[in-house]
Amino acid sequence: MNNRDVAAVFETVADLLEIKGEAIYRVLAYRRAGEAIRSLGQDVHVLWEGGKLEEIPGVGKAISEKIDELLRTGKLGFYEKLAAEIPPGLVEVLRVGDVGPKRAARFWKELGITTIEELEEAARDGKLQQLSGMGQKSEGRILDSIEALRRRKTDRVSIGVAWPAAQELLRRLREVEGVHAAESAGSLRRWRETVGDLDLIVSSTRPSAVMQAFVEFPEVERVRGQGETKASIELRNGLRVQLWVHPPERYGSALQYATGSQAHNVRLRELALSKGLSLSEHGFKRSDGSEILCAGEEDVYRALDLPWIPPELREDRGELQAGRDGSLPDLVKLEDLRGEPHLHSDWSDGKATLEEMAGAAADLGMRYIVFSDHSRSLGVASGLSIDRLREQRAAIAAVQAKLGKRIKLLQGSEVEILADGRLDFPDEVLAELDLVIASLHTSLRQSSDRITARLLGAMDNPHVDMIGHPTGRLIGRREAADLDMDAILGKAAERGVALEINANPERLDLSDAHAKLALERGCVLSINTDAHHPDDFALRIYGVGTARRAWASAEMVLNAWPLDRLLRWLEKRAP
DNA sequence: GCCGTTTTCGGCCCGACTGTTTTCAGTCG
């Protein structure tokens, strides 16, 4: 039973309790605990064995006992009792928009509905509108929502899809007359790896005009709601978008509010209350009814005696305390990155020549790049033989001569960790390279013991400087390998091996949570694009976002170091 | 059910929008 499984049990418990009509704070407690376990960097088993379950925020005595029962027996009596009372299938019904716990409970009790299919059938038969408090419109909305749910396929989309889509909408919004500023908020602004919808905030004194222009954008499929200051639409590609319009003098509180996370906002509001202030997206209200307006986000935090907190940290993971202590990290920025340690050329499966990749990198201001084409056994990616690897070295030297001081070119390899744990090149070949990245691409479904041993063994090789996309996950498509992350991070810290944050939005591997844990263990990170084409360098933003979510400063990121420091580091590592 | 620069008990964030309403419940973020 992994973290996700445990989290899913508590999240389902929360939904079932809510349908049952339990006290909302009890429901929220289970939901919060579920989310905390889901975003835990380390295996919940490790905390369990160490008797540290209650250190998880939102986990107290009752829930830690339930985790214990789950991990010991694989079952939870509390859940089974609940599932006997309320059909667990109803949890699925909650995914339909416009259907919350109250309606789900009524549909079940009054119409016997326990699945989305049954709900759809009842709606088509006009049975929903016969319930008191329901009408034709509500029934129609629910039918629309079921269709929308089917169109979406998944609940959350990759940030690699969401971010460009948001930039396009923002560009268009900024052209609308009367718009002072427009930004994305929500989980996108916090750089979460997937987002449920886009939240856009506009500063304007003419909200209704902005609203009207927005719902008439050509890519809008349907308008889910439209009011004076708020609109909700769905795009043709299934993405849902919320727009808030606020006057400039309230823009800061609106942006802060919409950025979340919910847990962070709850903490802020508690803090506000303790100072006799009530905080909403419109600003602060004192008990006498007077207001404090916040044009900028920093005004919101200042009113609470806090420094501005970067959006990536707003997850209620200690950022308020760090703000009070003055110990907020100076987070790594895109401009801090000085080079690219992991990229491919057409010598293996890249789509561009050495010179094209080098030129593009130099144009972006990078000081160095490391050609790290695949090694010989990865046939599907045209991995280099030892002879080809040596030929490539001469080719790189020729390009270097041509580019001169514009950029420093290094040669590395993304060397396969074979299924039996050996590396794909012998040590004497690895010793010829400037930087060696060891990666898993095959046999990712091995048992935890075997696949963990492969990575540990690779890190014991003195030539290995870095591990590429450590868990091998593809978000939404392939699960991470079943690694003992505790052992992996411990070994990386001990051996001084850098761990990659692969910036490709399909990977983001290490994840934010693992990267944070890695830093706490004293590991060094590297933000790599794994570029196969010059356009891929643009993916750096996703890696930077993930590193920032891990509380990483530039000091902790290998490719944010100056080149001479990197070279000294490599030299010191050489056996 | 959790939690403590108010607290080990008594709180726990707040508002917009919609639909079916005679004053508000439900959903959403």
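In this text the structure is predicted, and so the values were computed from the model without any measurement. Naming: A, B, ... by sequence-line order, numbering from 1 per chain.
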* Nearest-nucleotide comparison on DNA chain B, the residue closer to the 5′ end among A:Gly225 and A:Ser280 -> A:Ser280
* How far does the C1' atom of B:dT22 sit from the matching atom of B:dG29, given to the nearest Å? -> 29 Å
* Nearest-0.5 Å distance that lies between atom CD in A:Glu234 and atom CG in A:Asp197 -> 11.0 Å
* Atom pair distance, as rounded to whole Å: CG in A:Asn265 and C1' in B:dG15 -> 13 Å
* To do: Kindly write out the residues that satisfy side chain to side chain donor-acceptor pair (under 3.5 Å) with A:Lys275, not counting sequence neighbours, or none if the list is empty.
  => A:Asp305
* Over how many whole Å does the gap from A:Ile24 atom CD1 to B:dC2 atom P extend? -> 16 Å
* To do: Tell me what A:Leu28 touches on the nucleic acid: a base, only sugar-phosphate, or nothing, going by heavy atoms under 4.0 Å.
  => nothing
* Sticking with atom P, work out how far B:dT6 lies from B:dC2, rounded to a whole angstrom. => 23 Å
* Taking the same atom, P, in B:dG1 and in B:dT5, what whole-Å distance lies between them? -> 23 Å
* Structure fact -> The complete set of salt bridge (Lys or Arg N to Asp or Glu O under 4.0 Å) pairs with one or both residues in residues 58-68 of chain A, sequence neighbours excluded, reads A:Lys61-A:Glu65, A:Asp68-A:Arg72
* Asked: Given the C1' atoms of B:dG26 and B:dT21, what is the spacing between them in whole Å?
  -> 13 Å
* Structure fact -> Sorted by chain and residue number, the side chain to side chain donor-acceptor pair (under 3.5 Å) partners of A:Arg192 (sequence neighbours excluded) come out as none
* Can you tell me, in whole Å, how much space there is between the P of B:dC9 and that of B:dC14? => 25 Å
* **Polar side chain donor-acceptor pair, A:Thr546 to A:Asp512, under 3.5 angstrom** => no
* Asked: Of all the choices, B:dG15, B:dA16, B:dG1, which nucleotide is nearest to the side chain of A:Thr229 once you look at every atom?
  -> B:dA16
* Can you list the residues that meet the ring pair (Phe, Tyr, Trp, His ring centres under 6.0 Å) rule with A:Tyr25, with sequence neighbours excluded? -> none
* **P spacing across the pair B:dC3 / B:dT8, given as an integer number of angstrom** => 16 Å
* Mind checking what makes side-chain contact (heavy atoms from CB on, under 4.5 Å) contact with A:Ile292, not counting sequence neighbours? -> A:Leu277, A:Phe284, A:Arg286
* Starting at NZ of A:Lys61 and ending at C1' of B:dG1, how long is that distance when rounded to a whole Å? -> 12 Å
* Structure fact -> A:Glu65 atom CD is separated from B:dC2 atom C1', nearest whole Å, by 14 Å
* **Residues in ring pair (Phe, Tyr, Trp, His ring centres under 6.0 Å) contact with A:Phe214, at least two apart in sequence or another chain** => A:Phe217
* side chain to side chain donor-acceptor pair (under 3.5 Å) against A:Glu120, all qualifying residues, sequence neighbours excluded -> A:Arg124, A:Arg150
* Asked: Going by atom types only, do A:Thr529 and A:Arg540 share a side-chain donor-acceptor pair under 3.5 Å?
  -> no
* Structure fact -> For residues 55-101 of chain A, the ring-ring contact (aromatic ring centres under 6.0 Å, His included) pairs (sequence neighbours left out) are A:Tyr30-A:Phe78
Collect all protein-nucleotide pairs involving nucleotides 3-12 of chain B in which both atoms are nitrogen or oxygen and the distance is under 3.5 Å.
| unit_1 | atom_1 | unit_2 | atom_2 | d |
| --- | --- | --- | --- | --- |
| B:dC3 | OP1 | A:Gly58 | N | 2.8 |

* Quantified in whole Å, what is the C1' atom distance between nucleotide B:dG11 and nucleotide B:dA16? -> 26 Å
* What is the pairing partner of B:dG29, taking Watson-Crick or G-U wobble pairs with both distances under 3.5 Å in any strand? -> B:dC14
* Give the rounded distance in Å between these two atoms: CD1 of A:Ile142 and P of B:dT20. => 10 Å
* **Under 4.0 angstrom between A:Ser232 side-chain N/O and B:dC17 OP1 or OP2** => no
* Asked: So do A:His282 and A:Cys294 actually touch side chain to side chain, heavy atoms under 4.5 Å?
  -> no
Which atom pairs link the protein and nucleotides 23-29 of chain B when you take only N or O atoms and keep those under 3.5 Å?
| unit_1 | atom_1 | unit_2 | atom_2 | d |
| --- | --- | --- | --- | --- |
| B:dT27 | OP1 | A:Gly100 | N | 2.7 |
| B:dT27 | OP1 | A:Gly100 | O | 3.2 |
| B:dT27 | OP1 | A:Arg103 | N | 3.0 |
| B:dT27 | OP2 | A:Lys102 | N | 3.2 |
| B:dT27 | O5' | A:Gly100 | N | 3.4 |
| B:dC28 | OP1 | A:Asp98 | N | 2.7 |
| B:dG29 | N2 | A:Tyr257 | OH | 2.4 |
| B:dG29 | N3 | A:Tyr257 | OH | 3.2 |

* **Integer angstrom distance from the P of B:dT20 to that of B:dC28** => 16 Å
* Once you round it to whole Å, what is the distance between C1' of B:dC17 and CD1 of A:Ile233? -> 16 Å
* Of A:Ala231 and A:Leu279, the one whose closest DNA chain B nucleotide lies more 5' -> A:Leu279
* What residues, two or more places apart in sequence or in another chain, satisfy side chain to side chain donor-acceptor pair (under 3.5 Å) together with A:Arg267? -> A:Glu270, A:Asp316
* Asked: Heavy-atom contacts under 4.0 Å between residues 131-141 of chain A and DNA chain B, which residues?
  -> A:Gly133, A:Met134, A:Gly135, A:Gln136, A:Lys137, A:Ser138, A:Arg141
